[in-house]
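Step one of this worksheet: look at the structure below.
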There are 2 protein chains.
Amino acid sequence: MDEAQVETVRRFNRTVTARVGVLHERYLGRDRPVGQARLLWELGAQGRDVRRLREQLGLDSGYLSRLLRALEADGLVSVRRHPADGRVRTVRLTEAGFAERAVLDARSDELAASLLAPLRAAQRARLVAAMTEVERLLTATTVTVDVTDPDDPDARRCLGSYYAELRERFETGFDPARSLLPDVGDLRAPRGLFLVARLHGEALACAGLKLSPGTAAAQIKRMWVAPHARGLGLGRRLLAELEARAAEHGREVLRLDTNKALAEAIGLYRAAGFQQVPAFNDEPYAHLWFEKRIAAAAQRPEAEPEADR
Amino acid sequence: MDEAQVETVRRFNRTVTARVGVLHERYLGRDRPVGQARLLWELGAQGRDVRRLREQLGLDSGYLSRLLRALEADGLVSVRRHPADGRVRTVRLTEAGFAERAVLDARSDELAASLLAPLRAAQRARLVAAMTEVERLLTATTVTVDVTDPDDPDARRCLGSYYAELRERFETGFDPARSLLPDVGDLRAPRGLFLVARLHGEALACAGLKLSPGTAAAQIKRMWVAPHARGLGLGRRLLAELEARAAEHGREVLRLDTNKALAEAIGLYRAAGFQQVPAFNDEPYAHLWFEKRIAAAAQRPEAEPEADR
DNA sequence: CGACTTCTCTGACTAGAGTCAGAGATATGG
DNA sequence: CCATATCTCTGACTCTAGTCAGAGAAGTCG
């Protein structure tokens, strides 16, 4: 990235935090501490476990407890014990809580409207379009990609959604036990690895890499991106990450098989430089096979994020 | 504006305050209270009067005083009495202060880079472009337009710059005393009005309206936009505002005269719906005359900001 | 000169945000 | 069933941001 880009981002940060950030806090916390307001905001229609709230908002347990009690005292939330686990407590908005949330909502609308109001229709449309773009890309930069054990709950959730989607989209249905990789346990060191992409703690995408011993090829398996997270470039990012990891392990070729029903994925593979090749395995669910030569590297390169993350 | 637009702005606000705002504060205040950091940041290369700082940052005088003393104790700023006015104190960064500022600068770069890092080159370029657009338009929404006495210092500053620019751009030079409006004092109630557009207290643009009695036409005079503020749509906004004010006063026609050297202004007038007409006065500096029929209105309409601000 | 204003500083507060160290209740694994 | 881990809550703090009411020094105007 060049200096001019960094400079633009800096200017953006200043302008936006000054104009939006400050107002946002002020609107939100007009007659309620910002901490409480944020909490109300975060509480959805159904109840939430305190534990999850804490983790999601990154709050100290003591602090959160106090915030909850303040809201409870105002009659905005009710806190009950979790039906299954008595240690856990579940928070839920009361009627009054919903009303208060609606007030915050209205204020948020008001702030948004005040930003748009001084503009002419054409400028407004441009601003909204640019905001959409910024938000989309900023969301993309917030996603983290980490090596995760395939037995981790997040990993399991991704795989579950993946299988469900395949079941629905493949003409023949899908049963992982009948596939060439019945046990995802193979996707952990030293025979492989498994990546999970997360946004604010929510798992959005996954991808596995199989590093069979004694071959120069690494194989991509179980790659999936949550439907609502498509279009953020996550697929490409996972591919780039896998490529870098494979290179670290001295592999020279990256391979994968796929099903003809997965049109977007196939497009992604081609765009990322994969070439179609004859079948290199007898995966029953595969119709197409791809591979890509990669630059082996002992150390991970730094300059380009394709390899960097 | 429609609901979808408001919704987009809201989503933008949430994402951006969460991602940029919080980080911004955290980076900035990593080992220094945010208040102090903001102050360091705001202190330019030359010294600043405490009075101006207070006004610019909107701080309580006691609070600012304490912040300054904290920075002084750390040897980052020096505070001396103003040479001309012993009540006023002037703050200036010390060597160590500049070093500390450089650290903040570096962090800001770091934050910017961290936002860009996970993206591919193409995405980066798109993000930067969208940010530029958002920043530009958000700046535009922050500009306020108010009726101001033509003798107000801001108004005088604008007019001064305006005259200077005309002197330079007109083939014949420019002397306000030789023009048809030698005294801007006419541009105040009840015979007229004068608008000044300001951003963070800095005057950026102005425009006058002459409401000669006994005629159905109002006349626009002394319209100017600071060179560095062009492209924000301020000219259009001022025109719209004047049009609304003229309508409020029951006028049915808006008129203006202009010089052929002012190409951008002429373009603006045409784009805003003005038609060229034969000379309606004998302004020595005018080459072109324009007018526009406007809808008279006792009350100011609300729906469109063209008339709203 | 004297009254009034302007500007900065000090002292005395308040409130919010957040941290840390347990205590107590409830699960879980051997 | 016991030891250990997990989860929430309480009490006791700290820090920062910010407000308010003057005091005192320095200018300004009649």
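Predicted model, so just to flag it, every value in this text is computed and none were measured. Naming convention: chains lettered A, B, ... in sequence-line order (proteins, then strands); numbering from 1 in each chain. Below, all heavy atoms of this structure are taken into account, side chains as well, without hydrogens, waters or symmetry copies.
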- [ ] Go through residues 60-81 of chain B and report each residue with a non-hydrogen atom lying under 4.0 Å from DNA chain C, sorted by number.
- [x] S61(B), G62(B), S65(B), R66(B), R69(B)
Task: Backbone of L111(B) reached by a side-chain donor or acceptor of S114(B) within 3.5 Å - done: yes
Open item on the list: Assess whether a salt bridge exists between D186(A) and K221(A), defined as any Lys/Arg side-chain N lying under 4.0 Å from an Asp/Glu carboxylate O.
Closed with: no
Run the side-chain donor-acceptor check on residues 39-50 of chain B: report pairs under 3.5 Å with partners two or more places apart or on a different chain.
residue: R48(B); atom: NH1; partner: Q56(B); partner atom: OE1; Å: 2.7

Task: Main-chain N/O of V143(A) paired with R237(A) side-chain donor or acceptor, under 3.5 Å - done: yes
- [ ] Could I get the full list of ring pair (Phe, Tyr, Trp, His ring centres under 6.0 Å) partners for Y63(A), not counting sequence neighbours?
- [x] none
Task: Bounds of contact between DNA chain D and chain B, in 5' to 3' order, using a heavy-atom cut-off under 4.0 Å - done: dT16(D) to dG27(D)
Task: Donor-acceptor contact present, side-chain D60(B) to main-chain G62(B), <3.5 Å - done: yes
- [ ] Would you give the length of the straight line joining atom CZ of R51(A) to atom NE2 of H82(A), rounded to the nearest 0.5 angstrom?
- [x] 7.0 Å
Open item on the list: Closest-nucleotide mapping onto DNA chain C: is G86(A) or G58(A) further toward the 5' terminus? I mean the 5' end.
Closed with: G58(A)
Show the distances under 3.5 angstrom between N or O atoms of the protein and N or O atoms of nucleotides 4-6 of chain C.
residue: dT6(C); atom: O4'; partner: R87(B); partner atom: NH1; Å: 3.1

Open item on the list: Once rounded to the nearest 0.5 Å, what's the spacing between atom CG of L187(A) and atom CG of L193(A)?
Closed with: 8.0 Å
- [ ] Go through the steps for L59(B) and L67(B) under the test side chain to side chain contact (heavy atoms under 4.5 Å, CB included), then give the verdict.
- [x] CA-CA 10 Å; L59(B) 299 176; L67(B) 286 176; 4.2 Å; yes
TODO: Starting at atom CZ of R89(A), determine the distance to atom C1' of dT26(C), rounded to an integer number of angstrom.
DONE: 12 Å
For residues 83-90 of chain A, which side-chain donor-acceptor pairs fall under 3.5 Å, sequence neighbours excluded?
residue: D85(A); atom: OD1; partner: R87(A); partner atom: N; Å: 3.0
residue: D85(A); atom: OD1; partner: R87(A); partner atom: NE; Å: 3.1
residue: D85(A); atom: OD2; partner: R87(A); partner atom: NH2; Å: 2.9

Task: Length of the line joining R38(A):CZ and dG16(C):P, which is rounded to integer Å - done: 14 Å
